[in-house]
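First up is the structure itself, then whatever we jot down about it.
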Amino acid sequence: MADYEFNRIEKKWQKRWLDEKTYAAVTGDTTREKFYALVEFPYPSGQGLHVGHPRPYTAMDIIARKRRMQGYNVLFPIGFDAFGLPTENYAIKTHIHPREVTKQNIATFTSQLQMLGYSFDWDRAVDTTDPDYYKWTQWIFLQMYKNGLAYKASMPVNWCTSCKVVLANEEVVDGVCERCGAPVIRKEKSQWMLKITEYAERLIDDLDELDFIERVKIQQKNWIGRSTGANVKFATTAGDDLMVFTTRPDTLFGATYMVMSPEHAYLDKWADVISNMDEVRQYQVEAGKKSDFERTELAKEKTGVKLAGVEAINPVNGKKIPIFISDYVLATYGTGAIMAVPAHDTRDWEFAKKFDLEIIEVVEGGNVDEEAFTVKDDSGIMINSDFLNGMTAKEAIPAMIQWLEEHDVGSKQVNYKLRDWVFSRQRYWGEPIPMVHCDKCGWVPLPESELPLLLPDVEDYEPTDNGESPIAKMTDWVNTTCPQCGAPAQRETDTMPNWAGSSWYFLRYMDPNNSEALVGKDAVEYWNQIDWYNGGMEHTTLHLLYSRFWHKFLYDIGVVPTKEPYAKRTSHGMILGEGGEKMSKSRGNVVNPNDVVNEFGADTLRLYIMFIGDFEKAAPWNPTAVKGCKKFLDRVWKLGCEKLEGDLSYSAANEKEIHKTIKKVSEDIDKMKFNTAIAQLMTLVNQFNQNKPSRGDLKVLLELLSPFAPHIVEELWEIQQFDEKMACQQPWPEYDEEKTVDSSVEIAVQINGKVKSKITIPMDADEDSVYEAVMADEKIQKATDGMNIIKRIYIKNRLMNIIVKPQ
RNA sequence: GCCGGUGUGAUGGAAUUGGUAGACGUGCUUGACUCAAAAUCAAGUGUCUUCGGACGUGCCGGUUCGAGUCCGGCCACCGGCACCA
């Protein structure tokens with residue numbers, strides 16, 4: 001018997017798959033149903049592949065391989081999301097051009113991914129830094145601009161003090177930079193923005209039709225943060241009406257004061273009317289100095305300033321109430337001002353206590369002197385509220401909205417927490433934003449014929465302290481002429497964030513070499529929607545949301561035929577270090593896939609990473625357990641090398657277990673229960689070691705194993721000369737439900753719900769004959785001796801429970 | 001604080017969705033082979049036990065003939081959001 005030389009075997013088959021383009025998807029083969037399986041394309045970092053990558057990749061590879069065997073026309077592509085900071089930082093350190101670094105890293109990643117035997121369609125690989133690719137990223141930006149979805153605005157933005165770059169809200173975690181951990185401060189800057197808020201409603205509502213795992217839907221919904229309520233107009237003694245948003249218009253009679261955010265525009269407008277403007281200015285300065293992080297840290301203690309000389313009028317009762325400014329009211333949400341109902345809102349209550357303001361109870365049931373009574377279930381009864389008295393909150397809300405509308409002082413309103421997407425980055429290694437600024441014409445888009453706008457070469461990639469991109473120093477590139485009027489003009493020097501290229505990459509895979517369009521009509525009609533997309537939870541409110549937004553826009557302008565890019569979304573758990581901690585260089589617990597492949601082979605790594613535990617949950621790496629998977633493959637090798645004679649029928653001894661295994665493996669792959677599928681394959685192999693397999697037995701084992709461990713399977717397939725076509729090109733085995741069932745079954749016999757004995761009965765035996773067999777059992781006779789049998793419960797093929805009472 | 005998730009042997013994890021808890025793997029014990037070790041193969045492995053049994057899925061209670069699974073109340077850990085009106 002030949003040794004199991006996994007290194008030689010794996011290289012041999014990888015080469016053959018690539019040479020023969022075994023896994024190329026065939027567009028236009030209408031005889032077969034299409035299946036588009038997608039994994040998140042990697043960022044090609046200098047560290048190379050991490051063991052985290054193989055988990056989702058192996059999972060989708062197994063699914064793709066099985067679908068091919070089931071006759072689908074499968075598109076399973078890969079590419080590289082190569083713009084981004086780590087590469088740029090590396091360039092700063094080494095003075096090697098990011099383009100070169102990216103090229104090397106992509107080469108490393110490619111060979112590592114090929115080393116693991118993934119059935120990617122390599123001819124379709126995309127690279128977001130390729131001008132032929134980012135031409136279309138820029139093109140989409142131009143379409144957004146033309147449709148009013150891209151705009152430049154000066155506003156306070158998140159500024160990472162270490163990366164020296166603006167961050168999107170989604171990139172700020174606990175007040176620090178998601179990537180480097182440095183503090184994020186607020187900085188006033190002029191930025192390109194994308195109006196994702198225009199799509200907020202559709203981004204929430206359309207989730208209902210999608211087959212996404214629930215936690216993804218919930219997280220996106222929370223992030224978009226829809227709340228329904230009303231806008232209410234308060235007249236003021238300054239003359240202007242002050243508009244507020246509230247989710248509880250029913251509590252309007254309890255509104256005893258108002259609060260504006262320190263940034264509210266009326267403050268400047270009212271400067272002459274406000275008699276304590278000095279105090280107001282001082283508070284504004286202090287609030288402005290605080291970073292987001294400090295604002296949240298100091299959340300407990302309320303601060304604020306009462307506006308002297310201005311009062312508001314509560315529209316429902318004409319009462320004059322004071323107005324404050326406080327940083328607990330955010331300028332960016334709602335109208336930047338609130339009506340305060342201290343009796344029923346915790347924050348308002350704290351503020352009212354501190355400033356000794358009136359607290360009026362309008363919903364019965366709490367003790368508003370002690371704490372705010374926040375009713376969550378809408379069932380509280382309204383009091384002190386004139387025409388609302390006696391109603392539940394649920395009834396009072398629409399009643400109040402109606403009243404507001406009738407009196408023209410308010411209306412129903414929906415608000416979202418989602419903010420527009422800050423889209424410019426002051427860095428080098430990104431897509432140039434194809435816009436030109438002309439003193440006369442303002443911002444002018446580059447004509448599409450000038451795309452791609454190439455990223456210029458610079459001498460120095462170092463970001464500048466004044467917040468400008470390194471490209472700003474390339475005056476030859478920056479200075480241009482206005483596409484509209486021909487006058488001297490300047491190019492935009494900020495670049496796009498790394499989320500840009502990844503927001504549409506799945507479309508390019510459908511038609512990667514199209515030079516006329518980002519994707520051809522036929523290709524996008526055929527591949528249509530991604531059938532199954534697996535990726536990390538960390539992208540839920542970033543890439544996953546952004547790409548849904550872009551796709552909806554592309555749908556609106558007629559580029560794609562579907563409203564949503566992904567029909568189904570699943571997510572894998574993280575691979576942790578040995579101690580159950582996150583793998584990191586500083587902890588020194590990083591496992592390199594290369595080492596595992598060298599020592600045990602790619603098939604063992606694939607098998608282990610799928611066997612490690614529940615796919616959705618995090619799992620710690622266990623080096624000794626890897627051996628178990630290697631041992632399993634050693635046993636398969638031994639079985640498979642033995643020369644078998646005869647036809648391809650199943651042996652009588654193994655037939656039942658084979659049908660069970662086909663069923664279990666088929667179903668488990670579709671449910672991503674890879675660990676139990678592998679366990680069943682192990683059980684089958686254990687049985688083959690008891691009952692020598694026939695030639696047909698071995699053939700079906702190899703077919704079932706081939707998505708998991710494709711290399712060893714192809715080698716054994718060749719040794720056995722099963723077919724001219726490779727194992728991966730065989731039809732997926734089918735099972736006979738009847739043959740998965742045993743002829744006899746062991747059932748439990750319980751007395752009063754406790755298992756007392758076990759007996760073997762024929763499959764599907766009727767209750768009376770089972771009862772007879774039960775009563776013949778010695779242990780049961782003993783247990784029921786001298787007892788009254790009250791009743792019996794029979795669950796077919798499972799158990800019989802006898803209920804007895806002492807006589 | 002709000003939203004979501006998880007809790008099962010020494011260990012990673014199974015359990016037909018209310019029906020024999022611990023599949024499969026690791027580890028450990030014993031045996032075979034070996035001068036020996038590794039590898040391989042075989043048997044065993046939840047806890048306690050007076051060997052009749054008794055107990056056992058984070059804790060307390062409930063529903064049920066029957067609960068890891070359902071309900072109520074806690075505890076612990078993980079993830080997300082957070083002064084969002």
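First the proteins, then the strands, lettered A, B, ... as listed; each starts at 1. Computed from a prediction, not measured in an experiment: that's the story for all the values here.
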### Length of the line joining Lys660(A):NZ and rC24(B):P, which is rounded to integer Å
12 Å
### Task
In whole angstrom, give me the gap between the P atoms of rU69(B) and rC77(B).
22 Å
#### Entry: Nearest-Å distance once atom P is located in both rG5(B) and rC70(B)
12 Å
### Task
Using the P atoms only, state how far rA14(B) lies from rC83(B), rounded to an integer number of Å.
37 Å
### Query
Syn versus anti for rG79(B), judged by chi lying within 90° of 0?
anti
### Task
Find the distance between OH (Tyr735(A)) and NZ (Lys663(A)) and round it off to the nearest 0.5 Å.
5.0 Å
### Whole-angstrom distance between rG58(B) and rA10(B), as gauged at atom P
14 Å
### Task
Scan Asn686(A) against the nucleic acid and name what it touches under 4.0 Å (heavy atoms): base, sugar-phosphate only, or nothing.
sugar-phosphate
### Message
Using heavy-atom distances to pick each residue's nearest nucleotide on RNA chain B, tell me which of Asp634(A) and Thr683(A) is more 5'.
### Response
Thr683(A)
### Task
Return yes if the base of rC83(B) and the side-chain atoms of Lys302(A) contain a donor-acceptor N/O pair under 3.5 Å, otherwise no.
yes
### Nearest-0.5 Å distance, NZ of residue Lys353(A) to CD of residue Glu371(A)
11.5 Å
### Query
Is the shortest side-chain N/O distance from Asn622(A) to OP1 or OP2 of rU11(B) below 4.0 Å?
no
### Task
Give a yes or no on whether the ring-centroid distance for Phe611(A) and Phe632(A) is below 6.0 angstrom.
no
### Query
Roughly how far apart, to the nearest Å, are rU29(B) and rA38(B) at atom P?
11 Å
### Query
Looking only at side chains, do Asp420(A) and Thr197(A) share a donor and an acceptor under 3.5 Å apart?
yes
### Task
Could you let me know what rA32(B) is paired to, Watson-Crick or G-U wobble, both distances under 3.5 Å, or none if it's on its own?
rU40(B)
### Torsion-based syn/anti label for rU26(B), 90° from 0 as limit
anti
### Task
Take atom C1' in rG12(B) and the same atom in rU6(B), then report the distance between them in whole Å.
15 Å
### Task
Under 4.0 Å between any heavy atoms, over every strand shown, what does Glu746(A) touch: base, sugar-phosphate, or nothing? Just pick one.
base
## Note on the structure
From the candidates rG25(B), rG13(B), rA85(B), the one with an atom nearest any side-chain atom of Ser227(A) is rA85(B)
### Query
Does rG56(B) fall in syn (glycosidic angle within 90° of 0) or anti?
anti
### Whole-Å P distance, rG22(B) and rU47(B)
14 Å
### Task
Please work out if Asn675(A) contacts a base, only the sugar-phosphate, or nothing of the nucleic acid, heavy-atom cut-off 4.0 Å.
sugar-phosphate
### Distance-only donor-acceptor check, side chains Thr303(A) and Tyr283(A), under 3.5 Å
yes
### Whole-Å C1' distance, rU26(B) and rG53(B)
32 Å
### Summary
Considering only heavy side-chain atoms of Ala679(A), the closest of rG4(B), rA85(B), rC24(B) is rC24(B)
### Query
Within this structure, what is the NZ-to-C1' distance between Lys664(A) and rU16(B), rounded to whole angstrom?
8 Å
